[in-house]
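What follows is one structure encoded as structure tokens, with my remarks underneath.
Worth saying up front: this structure is predicted, and the values here are computed from it rather than measured. Numbered from 1 within each chain, the chains take letters A, B, ... in sequence-line order.
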There are 2 protein chains.
Amino acid sequence: MGVNIKDVAMQAGVSPSTVSRVIANHPRISQETRDRVRLIMKEMDYHPNAIARSLVKRSSEVIGLLIPSTIEQFYLNPFFPEVLRGITQVAQHAGYDIFLSTALHGLNDVDRLEKLIRSKRVDGMILLTSRTTDPLLELVTELRIPSVLIGRPFNSLPISWINNDNRLAAHDMTQHLIRMGHRRIGYIGGSQELVVSLDRLRGYSDALSEADLKLDPQCIVSGEFLEDVGYSGMMRLLALAERPTAVVASDDVLAFGAMRAAGELGYSIPDDLAIVGFNDIPLAKLSNPPMTTVNVNIYELGVQATHLLLDEIQGSVRGPKHQIIEHQLVIRRSCGAWDPLTQLQGEESKSK
Amino acid sequence: MGVNIKDVAMQAGVSPSTVSRVIANHPRISQETRDRVRLIMKEMDYHPNAIARSLVKRSSEVIGLLIPSTIEQFYLNPFFPEVLRGITQVAQHAGYDIFLSTALHGLNDVDRLEKLIRSKRVDGMILLTSRTTDPLLELVTELRIPSVLIGRPFNSLPISWINNDNRLAAHDMTQHLIRMGHRRIGYIGGSQELVVSLDRLRGYSDALSEADLKLDPQCIVSGEFLEDVGYSGMMRLLALAERPTAVVASDDVLAFGAMRAAGELGYSIPDDLAIVGFNDIPLAKLSNPPMTTVNVNIYELGVQATHLLLDEIQGSVRGPKHQIIEHQLVIRRSCGAWDPLTQLQGEESKSK
DNA sequence: TTGTAAGCGTTATCAC
DNA sequence: GTGATAACGCTTACAA
């Protein structure tokens, strides 16, 4: 049905190889034939078959993205579209397409990933999270497929990664609350299996001990990165005999849930309770009051991850590379540290 | 490097065709050889090359998703991840993967789409929006590739689609405001090129004329589905000599922006101003006050679109099919019609 | 500068 | 039941 390279060749009175060379912009081809073949291609409305091309070139110009199987958590968190936006931006520019691995219902993540890679449909992988024990990470290093992790491996593994300094960010944010006079600070975190959760928790606890505040396990709750978890976590914290006066949530979505809980119970933020989040998702500035959070530059994480991956695919790097993306504390009103002067300079004040 | 079907065949002492049949679960194959081949496949850690398979079968078991070129607008609106969630859920179950078309920076949408389809990398397409004149829609019908539109074609085209009754939904929502006593109601809409915008605007205007309220063009502003547009749109409405007492935003993201503008100017919602949105994104219930909106069942749109597409790909349907997904008004507090009684029954009250 | 021919790793069509 | 063999549409030595 479709017109193929042979048809074009025949029509142009050349061989298929010549057509192929024209497509590939091969240098040693006469301007005349090049023009003629191009014309015929247009006339016949020829489009190369990418599948056939991939088969012989053993590369697909496609980047794979593995969506963790905890699929709802992922899609409901605005982190995902934002990092995807960064990834597509760079991929698009380089002529790469993106493959979302989702097939094979019932198989576990490892098998899904192995199948995706071994089926040769992608040239490289971007992994969107890392866990303390992470078979996916082990698999990609074992299969030696170009890959980049957004996050950091818990154990040392030969894989490239892009990350924030999550410990430092959480430390700075907690310290900010301490400096504002808070002495009892709660923490609502994501799943303890996720490395990012541990790093942020560590920063929180580091800041407390630096200030000679004791770490009370009662003040720490954790679950998935879901709004409901923030909600119920906050309920628990507020039910404590000795209530915290400030709460660090390790994700804006958690902070939203926390604010909702506090609001329903009649607490006023930030007067009765300071709440801060993490990530600076687009809606963080729209909450009421606007949320103090950490801008981790999600988009930039996606961008740099893709650059790193493309470098690796194109063989221009040897060995894994790492990169830390800057973060900024974004002080808005939910922490109670709103300085009207800064409002004159812009909509929000960024420190660090 | 990788082990292929020939290697397996040799090792198992059979022909490649036999191995292929084992993979395909061909019925006429002896249990004995089947078991032996399976064993060898495991031992050699063989994984079929999907590319080679696609080439000969002329199908990829991949669904294409075209991201409109106004990429930011898309990613920043939670509609996207939510519909993607529905799509992946069904695709995954059917063993299909998802391809996000993003490549070919600089080419326009039409060329991108044509290239994607003609390159044979996808078996079918899901289109995420429709415009009043939409070359993409024309292209997919012309190329006769299985496709489903989420939305509806503006002009009659032989394409399957899934949609809400957007006119009715906007009508009902506007009517709801009218019944609450509002006589001057503003409208903040998405781009006029989008069919969904027109349908919702139509519902709004229908409701007004049914109530013998005149349609004032001054009261209607439109732009992209971006928070900023809601913000500036609201500013404009509030600057009118005769201010509206209620505003219908044709998207929750617009409504968020509208609420932000009203908040900054010191209006209290819903006391001074009622604001309602559209779509019921996850964060709508978290706004302050919680947002009255229309639940259009985004996830379900994705699910049904994919079902329809798979039916079409698998050839089990002839001719385009259409389907309307139910919507529900979700009455929260931003419209001022909060009935404390309903709070006892659940977190929100749904009518219709 | 261009053509010939041998793959790339599968599946499908015949035979036997 | 199983095995040759010919596609699928393209790229790339190797020749010319």
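Whole-Å rounding puts the B/L55 CG to D/dC10 C1' distance at 8 Å. Look at CG on B/N4: it is 5 Å from P on C/dT10, rounded to the nearest Å. B/I51 has its CD1 atom 13 Å from the C1' atom of D/dC8, to the nearest Å. Atoms CD1 (A/I5) and P (D/dC10) sit 5 Å apart, rounded to a whole Å. Separating the CD atom of B/E61 from the P atom of C/dT11 is a distance of 11 Å, rounded to the nearest angstrom. Rounded to an integer number of Å, the gap from A/R53 CZ to D/dC10 P is 10 Å. At whole-Å resolution of the value, NZ in B/K57 and C1' in D/dC8 are 13 Å apart. Between the NE2 atom of A/H47 and the C1' atom of D/dG9 there is a distance of 15 Å, given to the nearest Å.
Nearer the 5' end of DNA chain C, as judged by each residue's closest nucleotide, is the contact made by A/V56, out of B/V56 and A/V56.
Annotation: A/M44, atom CE; neighbour count of heavy atoms from other residues, nucleotides and ligands within 6.0 Å is above 12.
If you check the side chains of B/Q11 and B/D7, you find no donor sitting under 3.5 Å from an acceptor. Side chain to side chain, B/S30 and B/T33 meet the donor-acceptor criterion of an N or O pair below 3.5 Å.
For the segment residues 30-37 of chain A, the set of residues with a heavy atom within less than 4.0 Å of an atom of DNA chain C comprises A/S30, A/T33, in numerical order. For DNA chain D, the residues of residues 6-29 of chain B within the heavy-atom distance limit of 4.0 Å (strictly under) are B/G13, B/V14, B/S15, B/S17, B/T18, B/R21, B/R28, B/I29, sorted by number.
Between B/D311 and B/K321 there is no salt bridge, since none of the side-chain N atoms of the basic residue sits less than 4.0 Å from a carboxylate O of the acidic one.
Across all their heavy atoms, A/S147 and A/E312 have their closest contact at N-OE2, 3.1 Å. The shortest non-hydrogen separation linking A/I150 to A/G302 is CD1-CA, 4.4 Å. When all heavy atoms are compared, the tightest approach of A/R131 to A/F154 is O-CB, 4.0 Å. Closest approach of B/V110 and B/P135 over heavy atoms only: CG2-CB, 3.6 Å.
Summary of helix geometry: the two end axes of the helix from C/dT1-D/dA16 to C/dC16-D/dG1, each defined by five base pairs via their C1' atoms, are inclined to each other by 40° (rounded to 10°).
To the nearest 0.5 Å, atom OH of residue B/Y96 and atom OG of residue B/S60 are 7.5 Å apart.
The shortest distance between side-chain heavy atoms of B/F99 and A/D97 falls below 4.5 Å.
Here the nucleotide nearest the side chain of A/R58, chosen from D/dC10, C/dC8, C/dT11, is C/dC8.
For the side-chain contact (heavy atoms from CB on, under 4.5 Å) test with B/V8, the passing option among B/V22, B/V3, B/T18 is B/V3; the others fail.
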